[in-house]
Every structure is written in C-alpha cells, then in structure tokens.
Amino acid sequence: MLVYPSSIDLSSRTLRYLAGHLTSRRQEIGTRWRRLAPGRQALLALAHLRCGDTYAQLAAGFGIKIATAFRYIREAVDVLAALAPSLAEAMKTIQMKAFVILDGTLLPIDRIAADTPCHSGKHKRHGMNVQVLTDPSGRLLWTSPALPGSTHDLTAARHHGITEALAEADLKCWADKAYQGAGGPVREPFRGRRLKRWKRRHHTTHAKIRCLGERTMATLKGWRLLRKLHCSTNRITDVVKAVVVLHHA
C-alpha cells in the first residue's frame with residue numbers, strides 16, 4: 001500500500017489534550033511499552049475521527065497492524081467518551097443561556113435493509129438519531145446518546161429527559177415542527193399552509209433563531225467519520241461523545 005503525508009484541520013492543542021489523557025490512562029493501567037507513543041496514538045485517533053480514514057489506511061501509514069490500530073483508536077474513543085458531560089452536568093452551563101435550540105440529526109450507517117429499527121422513514125436511509133442542544137450563538141452544548149433512526153425526534157427528546165430538564169430550569173427552547181406537542185418551554189412553529197399574517201411573522205422570526213442550530217450540525221458533520229459510520233451501532237454513542245469532548249477542547 002502506498003503511503004503519503006497528509007494534514008488534519010485541527011489545532012495542536014487538540015492533539016496535546018488527547019495525548020495528555022492517553023498518558024494518564026497508560027499510567028493508571030501500568031502500561032510499560034507500546035508500539036506508538038501517546039502523541040502518535042492521539043494523532044492516529046484524530047485522523048480516524050476527523051478524516052474518516054479506515055483502520056487499514058491508518059495501519060499502513062503508522063506502520064502498525066490493523067488490529068493494533070483498532071485497539072488504539074477504541075481506547076482513545078473510550079477515554080474521551082468518559083469525559084463527556086451528562087445532561088444533568090450540561091444543564092449547569094445551559095441554565096446560564098438566554099435560550100437554547102433543540103434539533104435532531106440522523107447519522108448515516110452502513111446497515112442492510114433488514115435492520116428496520118435503524119431505518120428512518122423521513123430521510124429514507126439507515127442511521128442513528130442524535131439530539132443536539134445549541135446555545136444562542138450556534139455553539140454546540142450537548143449531544144444525546146444515539147437511538148435507532150426510526151425514533152421520532154419528539155420521542156427521543158422525551159426518552160432522554162430533555163423536555164423535563166428544560167422545564168425544570170424554566171429555560172426557553174426553540175425547535176422545529178418535529179417537536180409539536182412537546183409543551184413546556186419548547187416553542188415550535190405553527191402547522192398548516194394558510195396561516196394568518198401574525199403567524200407567518202412568527203414563522204419568520206422562529207426560522208431566523210432556529211437556523212443557528214444548523215451551524216452546530218455542520219460542526220458535527222465536519223468530523224467526516226460521522227458522515228457515514230461503519231462501526232457497530234453500540235459504539236456510535238461513544239464516538240459522538242468523543243467528538244463533543246474534542247470540540248470543546
């Protein structure tokens with residue numbers, strides 16, 4: 001396999017952040033020797049998450065076996081996922097915001113047609129449903145664990161306790177039509193085509209606020225691995241958590 005030098009559009013601070021946590025991890029488990037130093041292992045994991053390179057490609061580039069690349073990347077993802085905040089922890093920061101934007105996204109996966117629970121009727125493809133909370137400036141605050149793609153956004157928000165947490169915090173939340181009936185602090189646009197003038201004005205204002213959440217979705221999809229996941233669906237939650245931690249780092 002031919003190997004060539006490439007680049008990753010991440011800062012050196014992100015590399016040092018992950019390398020530091022990997023060093024601590026090795027000290028905890030008493031690792032004496034590895035094929036790659038913590039910095040190289042961190043670079044390996046970042047290349048996989050950010051660029052979506054396969055294990056075979058990374059193994060050839062770093063001069064290790066495919067199984068070793070798989071173990072190193074899995075370890076790095078687990079270390080990062082353990083640092084991700086829960087909804088209760090994230091609410092301490094969210095409560096300081098004027099309002100938040102709630103939206104859901106479908107992370108595509110390579111599942112076969114027989115995997116009905118993972119098929120989204122809305123998007124006409126297989127994937128996993130992830131709920132995202134964004135601040136008024138369009139910055140990513142929190143992402144939920146992944147659910148099968150057939151899960152409705154409102155059902156997912158209730159399953160994760162998002163609506164209840166926002167109601168307890170008395171915090172306004174802007175969402176799209178998929179969250180009709182959420183009640184409480186969730187504000188969604190009106191349904192129907194022939195709407196009164198004041199309702200159309202409400203739609204315009206609502207769209208201007210909610211479109212900031214699209215910036216967060218673009219941030220997530222900037223990590224190319226999330227554009228098409230080839231791993232087990234049981235690992236997607238940890239992968240998304242790892243991406244959130246690196247984004248905040």
Side-chain angles (χ1 to χ4, degrees), residues 45 47-58 66-67 69-71 73-82 84-87 90 101-134 140-165 173 175-182 186 188 210 213-247:
H48 178 67
L49 293 172
R50 186 67 177 181
C51 304
D53 293 338
T54 64
Y55 298 124
Q57 293 171 331
L58 294 171
I66 296 177
F70 172 80
R71 291 197 305 269
I73 292 173
R74 186 185 182 96
E75 181 184 38
V77 169
D78 290 341
V79 168
L80 291 171
S86 63
L87 179 59
I101 303 169
L102 173 63
D103 200 358
T105 185
L106 186 79
L107 302 179
I109 59 176
D110 58 343
R111 299 291 97 180
I112 60 176
D115 296 329
T116 305
C118 295
H119 186 268
S120 171
K122 175 182 177 182
H123 298 277
K124 307 299 182 183
R125 64 191 309 179
H126 292 82
M128 299 295 286
N129 182 297
V130 173
Q131 300 295 301
V132 180
L133 286 175
T134 309
L140 175 64
L141 294 175
W142 178 80
T143 59
S144 72
L147 292 176
S150 59
T151 308
H152 193 273
D153 282 338
L154 178 57
T155 303
R158 289 173 174 171
H159 175 81
H160 299 304
I162 299 175
T163 54
E164 292 81 358
C173 174
D176 58 19
K177 294 181 180 180
Y179 299 90
Q180 287 281 352
V186 181
E188 62 277 341
R210 196 177 59 79
E214 299 300 328
R215 185 182 305 171
T216 301
M217 298 305 176
T219 300
L220 283 177
K221 298 302 174 65
W223 297 81
R224 296 175 184 86
L225 183 66
L226 299 182
R227 298 178 185 178
K228 187 65 176 292
L229 289 157
H230 301 278
C231 61
S232 168
T233 54
N234 297 326
R235 294 288 301 166
I236 293 178
T237 294
D238 287 342
V239 171
V240 175
K241 286 183 177 180
V243 168
V244 172
V245 171
L246 289 173
H247 173 73

Restricting to non-hydrogen atoms, name the atom on [X] and the atom on [Y] that form the minimum distance, rounded to 0.1 Å.
X	Y	result
Leu102	Cys173	CB-SG, 3.4 Å
Ala156	Gln131	CB-NE2, 3.7 Å
Pro85	Ala90	CB-N, 4.4 Å
Asp153	Ala178	OD2-CB, 3.8 Å
Ile73	Ala45	CG1-CA, 4.3 Å
Leu87	Gly161	CD2-O, 3.7 Å

Check the orientation of Tyr55 and His48. Use parallel for under 30°, tilted for 30 to 60°, and perpendicular for over 60°.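 Because their plane-to-plane angle is under 30°, the rings of Tyr55 and His48 count as parallel.
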Would you indicate whether the side-chain heavy atoms of Ile162 and Trp142 approach each other to under 4.5 Å?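 Counting from C-beta outward, Trp142 and Ile162 do come under 4.5 Å.
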Value rounded to 0.5 Å, distance of [atom1] in [X] from [atom2] in [Y]:
X	Y	atom1	atom2	result
Trp223	Leu220	CH2	CG	10.0 Å
Thr216	Asp103	OG1	CG	9.0 Å
Leu133	Thr143	CG	OG1	9.0 Å
Ser144	Lys241	OG	NZ	10.0 Å
Glu214	Ile101	CD	CD1	9.0 Å
Leu107	Thr233	CG	OG1	12.0 Å

Just do the side chain to side chain contact (heavy atoms under 4.5 Å, CB included) check on Leu154 and Gln180 with the steps written out, would you? CA-CA 8 Å; Leu154 178 57; Gln180 287 281 352; over 6 Å; no
I'd like to know if Arg235 and Asp78 make a salt bridge, using a cut-off of under 4.0 Å between side-chain N and carboxylate O.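 The answer is yes: the pair qualifies as a salt bridge.
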Take atom CZ of Arg125 as the centre, draw a 6.0 Å sphere, and report whether it contains more than 12 heavy atoms from other residues, nucleotides or ligands.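 Not more than 12 within 6.0 Å, no.
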Tell me which one of Asn129, Thr151, Ile109, Leu147 satisfies side-chain contact (heavy atoms from CB on, under 4.5 Å) with Cys118.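 It is Ile109; the other options fail the test.
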Under a 3.5 Å distance rule, please check whether Ser150 uses its side chain to pair with a backbone N or O of His119 as donor and acceptor.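 Pair absent, no side-chain N/O of Ser150 close to backbone of His119.
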Check for a donor-acceptor pair, side chain of Lys221 on one end and backbone N or O of Ala218 on the other, with a separation under 3.5 Å.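 Checking the backbone N and O of Ala218 against the side chain of Lys221, no donor-acceptor pair under 3.5 Å is found.
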Using the side chain to side chain contact (heavy atoms under 4.5 Å, CB included) rule, take His230 and Thr54 through it: C-alpha gap first, then chi angles, then the decisive distance, then the call. CA-CA 9 Å; His230 301 278; Thr54 64; over 6 Å; no
